[in-house]
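Worksheet: the structure to be examined is printed underneath.
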Protein chains: 2
Amino acid sequence: MSWGTPPTERADAARNRMHLVATAREMLAELGADRLTMDALAERSGLGKGTVFRRFGTRAGIFQALMDDAERAFQEQVLSGPPPLGPGAPPMERLIAYGRARVGFLIEHREIGRGTLDGRQSVPVGVQMPVSRMHIRMLLGQISLGSANLDILAIQLTAALDGPLLLYLSAADLSQAAAEAERQLAESWQDLVRRVCRP
Amino acid sequence: MSWGTPPTERADAARNRMHLVATAREMLAELGADRLTMDALAERSGLGKGTVFRRFGTRAGIFQALMDDAERAFQEQVLSGPPPLGPGAPPMERLIAYGRARVGFLIEHREIGRGTLDGRQSVPVGVQMPVSRMHIRMLLGQISLGSANLDILAIQLTAALDGPLLLYLSAADLSQAAAEAERQLAESWQDLVRRVCRP
DNA sequence: ATACTAAGCGGGGTAAAGTCCGGTTATCGT
DNA sequence: ACGATAACCGGACTTTACCCCGCTTAGTAT
């Protein structure tokens, strides 16, 4: 008798996954992103290489898993934290607050974010239907915008939020003056949203 | 006597680079992006592997070179083609036309675009100061927007243009109904620009 | 409790990315 | 024209992502 869409994950598999994610996080903090190799992760966690690949599929998959993990706490704030990030504030203010928070989140986890990028996969990893995009789409639906294609607009705004940090700002730009970059991006996001949502 | 900022590239080196880019393009068309390997490129072009790496630094570098190459023709249209893409039209119309054209360009060259992504490099390859971003920045400067940070806004709009195709839309989304996706993205870009640039 | 089965596991194997260094060739000053 | 020098070339070498397949173990039905 199974009660989940995934036909139940085996106990040892779940244990191993948690252990691997934890070990990966340790290695990331300790050695940096590019010394986090599959072999090293397998050895350090005391598991076989095959296991690591079965869990994550690809190197980028590890970073995706780390990202999902970090994002869980963030989502918590968004779904049931205090306004304006959480529910309760008018949608436009929530949208602005969301962008501000997400910029900070992405700067903090920029090493992980970059790691999820993988040029060999034609379908970008794990970006099936990011929570970010869903949330933005929902908030856009609550704001009365004229005849706009809200699905596409949500994709574009998500990109405006993630793109600078994943694609266009170098590591130097970010670590040298992270605080300043964060302030400017947040400010500019607010401006962008205000402009887009004007009647 | 040298007349370029680069202290003159040696003739054979230039010849080899052109040959490599041409061969890479052939292989891309013939075999697809993920059979375009460094070894195969070296062998097929009749050069050594060391040469290939000296030229392009990294696998993503090849795709970057292919992209630059393809982009040259595109820039030509933008810098001196007929309006509204080329000069002569009001800046906002040029901005809309630019986005429309770029969406088409990116869909056409999506395989190359994806190839430029590389999760191992902390500084994204070749995205030093993309022409796209410069052009958008320039047009924004010609439109009178209130007190906006135009540099950051340009980055965000560039991301809104590139992000969907590089990060969020799967290969299936694009090849299945490329024409439809292109239409929607272009339409939505126009809407976005109109909203942003309203007084 | 026990046998059955499907999933998980491990580690060795392959191919591709990226590095290095000795030999070669193009450019520059005279 | 010619030698000095710096850049280029090639291919062997190392590291790492990713695959495969026989063995083990967790879940399930009797």
Side-chain angles (χ1 to χ4, degrees), chain A residues 1-21 23-24 27-28 31-65 114-123 125, chain B residues 1-20 23-24 27-28 31-65 115-123 125:
Chain A
M1 174 186 294
S2 64
W3 34 274
T5 318
T8 69
E9 181 185 35
R10 248 166 69 168
D12 53 349
R15 208 179 325 126
N16 283 340
R17 195 186 55 230
M18 285 189 299
H19 182 215
L20 282 170
V21 168
T23 308
M27 293 180 68
L28 186 61
L31 308 170
D34 46 280
R35 290 193 186 170
L36 172 42
T37 91
M38 303 300 256
D39 286 357
L41 175 59
E43 187 178 5
R44 176 150 171 175
S45 64
L47 297 172
K49 229 185 334 182
T51 308
V52 177
F53 276 93
R54 173 178 317 281
R55 280 301 100 178
F56 301 111
T58 171
R59 183 184 137 90
I62 290 182
F63 288 88
Q64 186 61 41
R114 288 273 167 81
T116 63
L117 267 43
D118 181 353
R120 299 198 70 102
Q121 281 167 321
S122 50
V123 175
V125 286
Chain B
M1 175 183 291
S2 64
W3 36 274
T5 318
T8 68
E9 181 185 34
R10 249 165 70 167
D12 53 348
R15 208 178 324 126
N16 282 339
R17 194 187 54 230
M18 286 189 298
H19 182 215
L20 283 170
T23 308
M27 294 180 68
L28 187 62
L31 308 169
D34 45 279
R35 288 193 185 170
L36 172 43
T37 92
M38 303 299 255
D39 286 351
L41 175 58
E43 187 178 5
R44 177 151 170 174
S45 64
L47 297 171
K49 206 154 60 143
T51 307
V52 177
F53 276 92
R54 172 177 318 280
R55 281 301 99 185
F56 302 111
T58 172
R59 183 183 137 90
I62 290 182
F63 288 89
Q64 185 61 42
T116 63
L117 266 44
D118 182 353
R120 298 196 71 100
Q121 281 166 322
S122 49
V123 175
V125 287

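Below, chain A is the first sequence line, B the second, and so on; all start at residue 1. Scope of the values below: all heavy atoms of this structure, side chains included, with no hydrogens, waters or symmetry mates.
- From B:Asp118, atom CG reaches atom CD of B:Gln64 across 11.0 Å, with rounding to the nearest 0.5 Å.
- Nearer to the 5' terminus of DNA chain D, by closest-nucleotide assignment, is the contact made by B:Arg55 (compared with the other of B:Gly50 and B:Arg55).
- To the nearest 0.5 Å, the span separating OG1 on A:Thr37 from CE on A:Met27 amounts to 6.0 Å.
- Across all their heavy atoms, B:Leu41 and B:Leu20 have their closest contact at CD1-O, 3.9 Å.
- Protein atom CG of B:Asp12 is 17 Å distant from nucleotide atom P of D:dA6, rounded to whole Å.
- Between A:Arg120 and C:dA17, a side-chain N or O to OP1/OP2 separation shorter than 4.0 Å is present.
- Side-chain nitrogen and oxygen atoms of A:Thr58 include none within less than 4.0 Å of the OP1 or OP2 phosphate oxygen of D:dA17.
- When the C1' atom of D:dG11 is taken as reference, atom CE of B:Met38 falls 15 Å away, rounded to whole Å.
- Distances shorter than 4.0 Å separate none of the side-chain N or O atoms of A:Asn16 from OP1 or OP2 on C:dG8.
- One can place NE2 of B:His19 at 17 Å from C1' of D:dC8, the figure rounded to the nearest angstrom.
- Nearest heavy-atom pair, A:Phe56 versus A:Val21, reported as atom, atom and distance to 0.1 Å: CZ-CG2, 4.1 Å.
- Atom CG of B:Asp118 and atom P of D:dA17 are 12 Å apart (whole Å).
- Whole-Å rounding puts the B:Asp39 CG to C:dT19 P distance at 14 Å.
- Across the protein-nucleic acid pair, B:Arg15 atom CZ and C:dT27 atom P stand 9 Å apart, rounded to whole Å.
- The residue B:Ala42 sits apart from the nucleic acid: no heavy atom pair falls under 4.0 Å.
- Panel note: side chain A:Arg55, backbone A:Ile62; no donor-acceptor pair is recorded below 3.5 Å.
- When the nucleotides C:dA17, D:dG10, C:dG10 are ranked by their closest atom to the side chain of B:Arg54, D:dG10 comes out on top.
- Rounded to whole angstrom, the span from the CG atom of A:Leu41 across to the C1' atom of D:dA17 amounts to 13 Å.
- Mapping B:Gly57 and B:Ala11 onto DNA chain C via the closest heavy atom, the residue that lands nearer the 5' end is B:Gly57.
- Residue A:Arg10 is in base contact, counting any heavy-atom pair closer than 4.0 Å across all strands shown.
- Considering only side-chain N and O atoms, B:Thr51 lies nowhere under 4.0 angstrom from the phosphate OP1 or OP2 of D:dC8.
- In this structure, CE of B:Met18 is placed 15 Å from P of D:dC8, rounded to the nearest angstrom.
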